[in-house]
Amino acid sequence: MGAMEVIIQSDLRQASLLGARIIARHVQGKPDAVLGFATGKTPLLLYQFLVQMHREQGLDFGRITAFNLDEYIGLDPSHPASFHSYMWKNLFGHIAIPDERVNIPNGMAPDIPAACREFEETIKSSGGIDIQILGIGRDGHIGFNEPSSSLTSRTRIKTLTAETRKDHGEDFGGEENVPLHVITMGLGTIMESRTCLLLALGKAKARPIAQTIEGPITAMVPASILQLHQRAIVLLDEEAASELKKTDYYRWVYDHKPNWQKY
Ligand code: F6R
């Protein structure tokens, strides 16, 4: 099976809820699932829905293994803008996941290349990632694989673009305080996840989403590599879908999914 499935939902709430349902269903079917998480604004509501499902329906995350896409280099995990802090504040702290099941790249590692290799090894020894949640940058990045990233890259150090530092400036009280470097899973690493769930919300994502789905596969739009993924689900609100050409077809396909394929 090789497929990119494009699902357009009416708004951010519906898209986030469907994303949470896809994750929840997977965890119900495989309580020791290996899940890949993203940070940023996009998955916040999806995470709120997961927390709600944990609280109200007893969705159990106690046996999952978690990996995160990326982390800033040189930022203490306790820094409020670190992705460690983000994950514990917005998700892990509310779903009773044991500490030792959480894997976030260590931006304070004294030997960054060794830490990157170790991270890859840990993914492998956990059996590989079942579902990787992704957001997309305005420049088409996934993880922090900025344009011109190798399409087969592994977990490594990357230098953020000025645009990405600007987009994250708010978390640091100004873009000049955003770290220059990050550790990120590579595109090759992400491509090995059994399922990728790319969530994109709002007008600012319309262009990179159109390029990702309907443009050529190119390192200049790193997310476009997902066209080659065995199972990539692209979950959009109307705004993020607004620059796509074949929206009627994507809706038609989704509305006529065979029952056994429905979420
Ligand atoms: C975050 C990450 C990034 C973000 C992207 C979009 O872990 O890997 O690729 O998903 O920068 O960020 P938001 O969601 O804030 O627009």
Side-chain angles (χ1 to χ4, degrees), residues 12-13 15-16 19-20 35-48 66-73 75 77 79-92 102-107 116 119 123 129 131-149 153-172 175 178-191 193 196-209 211-212 219 221-226 232-237 239-240:
L12 129 170
R13 196 185 145 77
S16 303
L35 302 181
F37 292 98
T39 60
K41 293 194 184 77
T42 307
L44 281 172
L45 188 55
L46 186 158
Y47 293 159
Q48 279 180 34
F67 286 92
N68 260 74
L69 283 168
D70 39 23
E71 180 58 288
Y72 294 105
I73 289 181
L75 209 58
H79 189 288
S82 78
F83 291 162
H84 279 77
S85 296
Y86 172 105
M87 287 310 300
W88 285 98
K89 172 165 175 256
N90 294 303
L91 184 66
F92 297 153
V102 170
N103 301 277
I104 304 176
N106 177 8
C116 292
F119 194 73
I123 295 176
I129 296 170
I131 302 192
Q132 175 65 56
I133 299 170
L134 298 166
I136 187 169
R138 287 190 292 147
D139 58 5
H141 70 231
I142 48 176
F144 274 133
N145 296 281
E146 298 283 30
S148 81
S149 285
S153 48
R154 311 303 307 186
T155 302
R156 69 208 182 295
I157 181 171
K158 284 296 284 181
T159 307
L160 295 178
T161 61
E163 183 179 72
T164 299
R165 291 182 68 227
K166 193 162 160 207
D167 286 349
H168 291 266
E170 224 178 89
D171 303 334
F172 290 88
E175 60 184 283
V178 180
L180 290 176
H181 297 117
V182 292
I183 294 180
T184 180
M185 277 188 209
L187 294 170
T189 321
I190 293 169
M191 286 295 284
S193 306
C196 280
L197 180 63
L198 171 58
L199 181 63
L201 307 169
K203 191 85 198 111
K205 303 299 170 66
R207 198 169 135 261
I209 280 297
Q211 290 174 323
T212 294
V221 182
S224 64
I225 190 64
L226 294 173
I233 303 169
V234 185
L235 196 44
L236 307 170
D237 65 2
E239 287 187 348

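Quick caveat: nothing in here was measured; it's all calculated off a predicted structure. Read the numbers this way: they start at 1 and go in the same order the structure lists the ligands and their atoms. For the single chain, residues carry numbers from 1 onward in sequence order.
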Chemist: Closest by any non-hydrogen atom to atom 6 (C) of ligand 1: pick that one out of Ile136, Asp171, Ile142.
Modeler: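 It is Ile136 that holds the nearest heavy atom.
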Chemist: Run down the list Gly140, Gly202, Gly143 and name the one with the heavy atom closest to atom 3 (C) of ligand 1.
Modeler: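 Nearest heavy atom to atom 3 (C) of ligand 1 lies in Gly143.
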Chemist: Among all protein heavy atoms, pick the one closest to atom 8 (O) of ligand 1 and tell me residue, atom and distance.
Modeler: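 Answer for atom 8 (O) of ligand 1: Asp70 OD2, 2.6 Å.
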Chemist: Main chain of Val178, side chain of Arg165: is a donor-acceptor contact present, judged purely on distance under 3.5 Å?
Modeler: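 Answer holds: yes.
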Chemist: Any side-chain to backbone donor/acceptor pair from Thr39 onto Phe83? Under 3.5 Å, distance only.
Modeler: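 A pair under 3.5 Å: no.
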Chemist: So which protein heavy atom does atom 1 (C) of ligand 1 come closest to, and at what separation?
Modeler: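 Result for atom 1 (C) of ligand 1: Thr39 OG1, 3.1 Å.
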Chemist: Compare all side-chain heavy atoms of Glu146 with those of Asp139 and state whether any distance is below 4.5 angstrom.
Modeler: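 Counting from C-beta outward, Glu146 and Asp139 do come under 4.5 Å.
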Chemist: Would you check the N or O atoms of Pro43, main chain and side chain alike, for any that come under 3.5 Å of an N or O of ligand 1?
Modeler: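 No, Pro43 has no N/O under 3.5 Å of an N/O on ligand 1.
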Chemist: Output the list of atoms in ligand 1 that are nearer than 4.0 Å to some heavy atom of His168, sorted by atom number.
Modeler: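 Atoms satisfying the 4.0 Å criterion: 11 (O).
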Chemist: For atom 15 (O) of ligand 1, what's the nearest protein heavy-atom neighbour? Residue, atom name and distance, please.
Modeler: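 Minimum-distance protein heavy atom for atom 15 (O) of ligand 1 reads Lys41 N, 2.8 Å.
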Chemist: Between Ser224 (side chain only) and Thr212 (backbone N and O only), is there a donor and an acceptor less than 3.5 Å apart?
Modeler: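 Pair absent, no side-chain N/O of Ser224 close to backbone of Thr212.
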Chemist: Glu239 side chain to Lys203 main-chain N or O, any donor-acceptor pair under 3.5 Å?
Modeler: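 Yes, because the side chain of Glu239 sits within donor-acceptor range (under 3.5 Å) of the backbone of Lys203.
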Chemist: With a 3.5 Å distance limit and no angle check, can you tell me whether Ser153 reaches the backbone of Ser149 through a side-chain donor-acceptor pair?
Modeler: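 No, because the side chain of Ser153 does not come within donor-acceptor range (under 3.5 Å) of the backbone of Ser149.
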Chemist: Using a 4.0 Å cut-off to any heavy atom of Gly40, which atoms of ligand 1 qualify?
Modeler: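 Counting from 1, the qualifying ligand atoms are 14 (O), 15 (O).
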Chemist: Considering non-hydrogen atoms of the protein only, which is the closest contact for atom 5 (C) of ligand 1, and what is the distance?
Modeler: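 Ranking protein heavy atoms by distance from atom 5 (C) of ligand 1, first comes His141 NE2, 3.4 Å.
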Chemist: Note the single closest protein heavy atom to atom 16 (O) of ligand 1, along with its residue, its atom name and the distance in Å.
Modeler: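 Going atom by atom, the protein heavy atom closest to atom 16 (O) of ligand 1 ends up being Lys205 NZ, 2.6 Å.
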Chemist: State whether the side chain of Asn90 and the backbone N or O of Tyr86 hold a donor-acceptor pair below 3.5 Å, judged by distance alone.
Modeler: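 Yes; at least one donor-acceptor contact below 3.5 Å.
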Chemist: Just which atoms of ligand 1 are under 4.0 Å from any heavy atom in Leu69?
Modeler: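 Counting atoms of ligand 1 from 1, those under 4.0 Å from Leu69 are 8 (O).
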Chemist: Distance under 4.0 Å to a non-hydrogen atom of Gly135: what atoms of ligand 1 satisfy this?
Modeler: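 Selected atoms, number and element: 10 (O).
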Chemist: Any donor-acceptor pair under 3.5 Å linking the side chain of Ser85 with the backbone of His79?
Modeler: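 Present.
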Chemist: May I ask which of Thr42, Val182, Ile190, Thr184 has a heavy atom nearer to atom 14 (O) of ligand 1 than the others do?
Modeler: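 Considering heavy atoms of Thr42, Val182, Ile190, Thr184, the nearest to atom 14 (O) of ligand 1 sits in Thr42.
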Chemist: Do Ile129 and Leu35 have side chains that get closer than 4.5 Å, going by heavy atoms?
Modeler: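 With C-beta onward as the side chain, the pair stays apart.
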